[in-house]
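Working notes, beginning with the structure itself.
Count residues from 1 along the sequence.
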Amino acid sequence: MLNRCDWCLGDDLYLQYHDLEWGVPIHDDQKLFEFLTLEGAQAGLSWLTVLRKRENYRLAFDRFDPQKIACYQADKINELMNNAGIIRNRLKITSAVKNAQAFLTVQERFGSFDRYIWGFTDGRTIHHKNRTIKDVPAETDISRIISKDMKKRGFTFVGPTIIYSQMQATGMVNDHVIDCYRYTELGGNSKNAVQVKGDYE
């Protein structure tokens, strides 16, 4: 039996996400926008709820193409509000549109969203040394800095907790507990790993 983070046990979808995606570094802009949208949709809900609706989101939101989503008008938003396959919250839906517009502006300014967002960690994954799930922070100094900067650039639903979840999901931080097999697979014990005990300094 492989040791895993406790939070993923008991549900096959969670288990698959934990084993194959959570903490894996992502540098594809459209994939980064997908997680930004899904993390915003999660606010106030469980991540498992969002995962179960993920395929519906992909269909409803044009495979998370920011260029298409940035052009959504009132009729499309009303259509999404009537889509039972997604989380029907008008603020979250309109946030996805605003974020797509801000996302395109960031791409134009920095060359890619990847270059912008990963610049906050100098392009490297930060490996925490968490012994239990209770040691995993809800937000950090870096997520607060990113949140503040993104809000200035017109993004919404990007509070420091949401941003930290984004960082975990896209591999900017490795928050697998140290005895989870994925912690080592993702480089947590490598000699060159950037390791942090507790919150960021």
For [X], does the [atom1] atom have more than 12 heavy-atom neighbours from other residues, nucleotides or ligands under 6.0 Å away?
| X | atom1 | result |
| --- | --- | --- |
| Asp75 | CG | yes |
| Lys31 | NZ | yes |
| Lys76 | NZ | yes |
| Arg54 | CZ | yes |
| Gln16 | CD | no |
| Gln73 | CD | no |
| Gln67 | CD | no |

For the backbone of [Y] and the side chain of [X], can you confirm whether one donor and one acceptor N or O come within less than 3.5 Å of each other?
| X | Y | answer |
| --- | --- | --- |
| Ser143 | Thr140 | yes |
| Glu139 | Gly159 | no |
| Asp149 | Ile146 | no |
| Asp122 | Arg124 | no |
| Asp11 | Tyr14 | yes |
| Thr125 | Gly171 | yes |
| Tyr183 | His128 | yes |
| His176 | Trp22 | yes |
| Asn82 | Asn78 | yes |
| Asp29 | Asp114 | yes |

Check your understanding: With the threshold set at 4.0 Å, does a side-chain nitrogen-carboxylate oxygen contact exist between Arg144 and Asp141?
Key -> yes
Check your understanding: Does a side chain donor of either Asn130 or Asp175 reach within less than 3.5 Å of an acceptor in the other side chain?
Key -> yes
In a table with atom names and distances, give each donor-acceptor pair under 3.5 Å that connects a side chain of residues 2-10 to protein atoms at least two apart or in another chain.
unit_1 : atom_1 : unit_2 : atom_2 : d
Arg4   : NE     : Asp19  : OD1    : 2.9
Arg4   : NE     : Asp19  : OD2    : 3.1
Arg4   : NH2    : Asp19  : OD2    : 2.7

Taking a hydrophobic cluster as the set of Ile, Leu, Val, Met, Phe, Trp and Tyr residues connected by side-chain heavy atoms closer than 4.5 Å, whether directly or through intermediates, do [X] and [Y] fall within one such cluster?
| X | Y | answer |
| --- | --- | --- |
| Val177 | Tyr17 | no |
| Ile178 | Tyr181 | no |
| Phe157 | Leu36 | no |
| Phe155 | Phe120 | yes |

Exercise for review: Check step by step if side-chain contact (heavy atoms from CB on, under 4.5 Å) holds for Lys92 and Leu45.
Suggested key: CA-CA 12 Å; Lys92 291 179 180 180; Leu45 304 169; 4.0 Å; yes
Study note, to complete from the structure: Separation between CG (Leu32) and CD (Gln107), nearest 0.5 Å, reads 9.5 Å
Point to revise | Pairs where residues 68-105 contributes a residue and the test ring pair (Phe, Tyr, Trp, His ring centres under 6.0 Å) is met, not counting sequence neighbours | key: Phe33-Phe103, Phe103-Phe113
Check your understanding: Pick one: which of Gln166, Met167, Gln168 meets side-chain contact (heavy atoms from CB on, under 4.5 Å) with Glu39?
Key -> Gln166
Practice item. Tell me who clusters with Val24, hydrophobic residues only, linked when side chains sit under 4.5 Å apart either directly or through other members. Key: Leu186
Check your understanding: Passes side-chain contact (heavy atoms from CB on, under 4.5 Å), Ile126 versus Ile142? Steps please.
Key -> CA-CA 11 Å; Ile126 294 176; Ile142 290 182; 3.9 Å; yes
